[in-house]
Participant: 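Starting off with a structure, shown below.
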Amino acid sequence: MQLYYPSNSIIHYMHGFTKIMIFGILLTLVPLFMEQPVSLLVLLLACSGLFIYIRPPKTHLLLLIPVGMLAVMMSLTYFFADMGGQVYVHAEWGYWMFQISSGNVLFAITFILRMMIWSLLFFILLFTTSPEDLVIGLKRFGLPEFLTLAVSLALRYWSLMIFDVKTVMDAQYCRGVDFRSGGILTRTKRFASLLIPVLFVFLKRFRTTSFALTLKGVGRKNKRTYYYNPRLSAIDNWAISSAVLLTAVWLTLQWFYKL
Amino acid sequence: MTQLSNPMQRGMAQKNISARHIVAIVISALIYGATIYISRYFPIKIGTVQAIYPAAVFAPLFGIWFGLWGSAGLVVGNVLSMLVVGMNPAVYPLALLAQFAMGFIPGVMFRKVKLESMKDRVHFILVVILGMVAGTVLVALNLILFQKVPANVVWSTVWAWMQVSNTLTAAILSPLLFTWMSDYMNKSGLFFKRFWG
């Protein structure tokens with residue numbers, strides 16, 4: 001799960017805490033209170049500008065495709081209710097109904113815009129923050145030591161898990177299992193043959209991890225020390241203040257003008 | 001040897017959070033997160049809800065095997081799977097709480113490592129159903145409050161479907177997986193006898 005890539009944008013130099021605060025929390029709140037598609041579109045364009053500014057690699061841009069598909073699929077929910085407006089198509093199956101109207105389309109578009117804004121903001125956070133900085137950022141929020149350690153281990157093991165699955169797949173190849181031919185059912189059955197060995201490989205690995213952590217003294221009363229522990233800089237203070245101000249101004253405007 | 005065993009025994013007797021608690025969170029998070037991650041590639045959706053949700057099968061098991069720590073792992077696992085597809089966990093607070101409930105409720109109500117009798121099986125299935133129903137209610141509330149999906153659609157279509165994708169799937173498959181895996185969990189010492197660890 002290597003979403004982070006090093007670059008020289010200002011966002012890359014910010015502390016993990018700052019980025020979680022700005023892109024994960026503050027700016028995430030704004031679209032939640034927006035109702036007008038035009039306002040959401042303006043915000044989406046602003047987020048796209050920031051996204052382009054961090055210059056993600058082409059491979060990372062591809063991640064927007066499944067998110068976009070997900071947003072469109074989710075927005076279909078709105079076609080199962082009467083959201084008002086001019087009705088174009090209406091069908092009923094007993095208790096359930098399906099309707100395409102101007103109201104339904106408007107709500108669906110609003111939903112897609114909101115989802116895309118959230119995803120862009122979150123990708124900005126993930127693309128510019130290394131897993132270590134992410135964990136240090138979470139720690140600064142006051143999360144307990146055991147939880148940050150668990151998150152950092154989970155992030156580390158995620159890529160190891162993919163490696164384990166590939167190893168088991170290679171072993172199954174050697175035994176003659178073909179994952180590339182056959183119908184969906186046949187392939188599903190063949191992939192299911194990975195489940196048991198993969199699960200046991202994971203559990204064996206975790207048992208070793210448990211021993212290693214115990215030997216390193218995890219859970220003892222002594223406080224854990226860090227070699228890498230960056231502090232908040234002037235850029236961070238400036239960025240957090242600006243984001244807080246921006247969110248407050250936006251929420252005030254929203255309160256009065258229903259943007 | 002005597003000198004070594006004393007600090008070791010003191011360490012084992014500690015009631016603090018230890019390595020095994022952290023490993024329990026990580027195991028649950030990774031296996032649960034990976035299962036959700038895989039299911040996200042089959043985007044058969046009803047609203048924001050996955051029509052096929054194999055992760056629901058694992059949720060009660062981690063709650064029973066690792067107690068509170070397994071339930072916490074389910075939340076971490078869901079967050080992990082969200083990270084990869086660019087979904088912001090901050091917008092799904094009740095859905096995350098739902099993952100916790102799916103493990104917590106069966107975990108707190110069923111503390112056995114084996115299904116020894118028919119009574120155990122019935123008890124197991126009931127607590128799994130209870131956890132799933134509570135979890136799906138929380139997911140539905142998240143849809144209404146945060147995703148602003150109309151309540152009548154959520155309760156009549158999405159929540160109703162979740163009873164098939166989550167509750168029914170878990171009620172059928174979880175007991176089978178539990179029977180098959182529990183012996184190993186017990187023998188390897190990974191099983192938590194007490195809910196709080």
Side-chain angles (χ1 to χ4, degrees), chain A residues 1 3 24-25 28-29 32 63-64 66-67 69-70 73-74 76-78 80-81 83 95-96 107 110-111 114-115 118-123 125-126 144-147 149-151 153-155 157-158 161 165 199-200 202-204 206-207 209-221, chain B residues 8 11-12 14 16-31 33-34 37 40-41 43-49 69 72-73 76-77 79-80 82-91 143 146-154 156-158 160 180-181 184-185 188-190:
Chain A
M1 195 180 59
L3 294 176
I25 300 171
T28 300
L29 280 176
L32 204 60
L63 288 170
L64 289 172
V67 170
M69 278 170 62
L70 213 63
M73 296 290 281
M74 286 174 170
L76 294 179
T77 313
Y78 287 96
F80 292 99
M83 308 302 289
Y95 184 73
W96 289 282
F107 271 94
T110 310
F111 183 86
R114 206 178 271 142
M115 277 289 292
W118 281 330
S119 298
L120 281 179
L121 287 171
F122 206 54
F123 275 140
L125 165 67
L126 294 176
E145 187 79 44
F146 77 89
L147 202 60
L149 182 60
V151 172
L153 276 172
L155 286 169
Y157 271 81
W158 188 268
M161 262 176 68
V165 172
L199 221 53
F200 281 98
F202 289 167
L203 291 175
K204 203 176 163 191
F206 294 133
R207 210 166 57 152
T209 312
S210 178
F211 294 151
L213 287 173
T214 309
L215 288 171
K216 278 177 182 285
V218 169
R220 306 290 300 176
K221 281 178 182 166
Chain B
M8 202 180 251
M12 296 293 278
Q14 269 188 340
N16 287 345
I17 295 161
S18 66
R20 63 196 295 262
H21 299 117
I22 293 166
V23 169
I25 296 179
V26 178
I27 296 175
S28 322
L30 286 174
I31 297 176
Y37 176 64
R40 288 203 204 282
Y41 280 93
I44 305 161
K45 292 265 172 189
I46 295 182
T48 51
V49 174
W69 309 96
V76 177
V79 171
L80 267 182
M82 284 176 171
L83 292 182
V84 194
V85 291
M87 286 164 79
N88 190 340
V91 200
L143 289 175
F146 292 91
Q147 262 94 47
K148 299 183 177 179
V149 178
N152 60 333
V153 179
V154 170
S156 65
T157 312
V158 183
W180 173 60
M181 290 284 294
Y184 177 79
M185 297 306 279
S188 63
L190 288 166

Participant: Give the member of Gly33(B), Ala90(B), Gly73(B), Gly77(B) that has the highest number of heavy-atom pairs under 4.5 Å with chain A.
Facilitator: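 The answer is Gly33(B).
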Participant: Which heavy-atom pair separates Leu80(B) from Ala154(A) by the least distance, and what is that distance?
Facilitator: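 Closest heavy-atom pair between Leu80(B) and Ala154(A): CD1-CB, 3.8 Å.
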Participant: Using every non-hydrogen atom in the two residues, find where Ala19(B) and Thr214(A) come nearest and quote the distance to one decimal.
Facilitator: CB-OG1, 3.3 Å
Participant: Could you walk me through whether Arg114(A) and Val91(B) pass the side chain to side chain contact (heavy atoms under 4.5 Å, CB included) test, one step at a time?
Facilitator: CA-CA 11 Å; Arg114(A) 206 178 271 142; Val91(B) 200; over 6 Å; no
Participant: I'd like to verify something: which residue of Tyr157(A), Phe211(A), Tyr78(A), Phe107(A) has the highest number of heavy-atom pairs under 4.5 Å with chain B?
Facilitator: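 Going by pairs under 4.5 Å, I would pick Tyr78(A).
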Participant: Side chains of Pro89(B) and Phe122(A): closer than 4.5 Å at any heavy-atom pair?
Facilitator: yes
Participant: Between Leu32(A), Val67(A), Leu29(A), who has the most heavy-atom pairs with chain B when the cutoff is under 4.5 Å?
Facilitator: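 Highest number of pairs under 4.5 Å: Leu32(A).
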Participant: With side chains defined as the heavy atoms from C-beta onward, is the minimum distance between Lys148(B) and Thr110(A) less than 4.5 Å?
Facilitator: no
Participant: Can you say whether Phe123(A) sits under 4.5 Å from chain B via the side chain, the backbone, both, or neither, judging by heavy atoms?
Facilitator: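 For Phe123(A), the contact with chain B is made by the side chain alone.
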Participant: Is chain A contacted by the side chain of Ile25(B), its backbone, both, or neither, given a heavy-atom distance below 4.5 Å?
Facilitator: side chain
Participant: Between Ile27(B) and Phe202(A), is there a side-chain heavy-atom distance shorter than 4.5 Å?
Facilitator: no
Participant: Find the distance between CZ (Arg20(B)) and CZ (Phe206(A)) and round it off to the nearest 0.5 Å.
Facilitator: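 Those atoms lie 15.5 Å apart.
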Participant: Please state whether the side chain, the backbone, both or neither of Leu126(A) comes within less than 4.5 Å of a heavy atom of chain B.
Facilitator: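 Only the side chain of Leu126(A) comes within 4.5 Å of chain B.
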Participant: Search all heavy atoms of Thr209(A) against all heavy atoms of Val23(B) and return the closest pair with its distance.
Facilitator: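 The pair with the smallest heavy-atom distance is C-CG2, 4.2 Å.
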Participant: Taking Val79(B), Val76(B), Leu30(B), Ile22(B) one by one, which has the highest count of heavy-atom pairs under 4.5 Å against chain A?
Facilitator: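 Highest number of heavy-atom pairs under 4.5 Å: Leu30(B).
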Participant: Are Phe146(A) and Trp69(B) near enough that their ring centres are under 6.0 Å apart?
Facilitator: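 Close enough - the centres of the two rings lie under 6.0 Å apart.
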Participant: Write down the atom of Val153(B), the atom of Phe80(A), and the distance for their closest heavy-atom approach.
Facilitator: CG2-O, 3.6 Å
Participant: Over all heavy atoms of both residues, which pair between Pro150(B) and Met83(A) is shortest? Give the atoms and the distance, please.
Facilitator: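 That closest heavy-atom pairing would be CG-SD, 3.5 Å.
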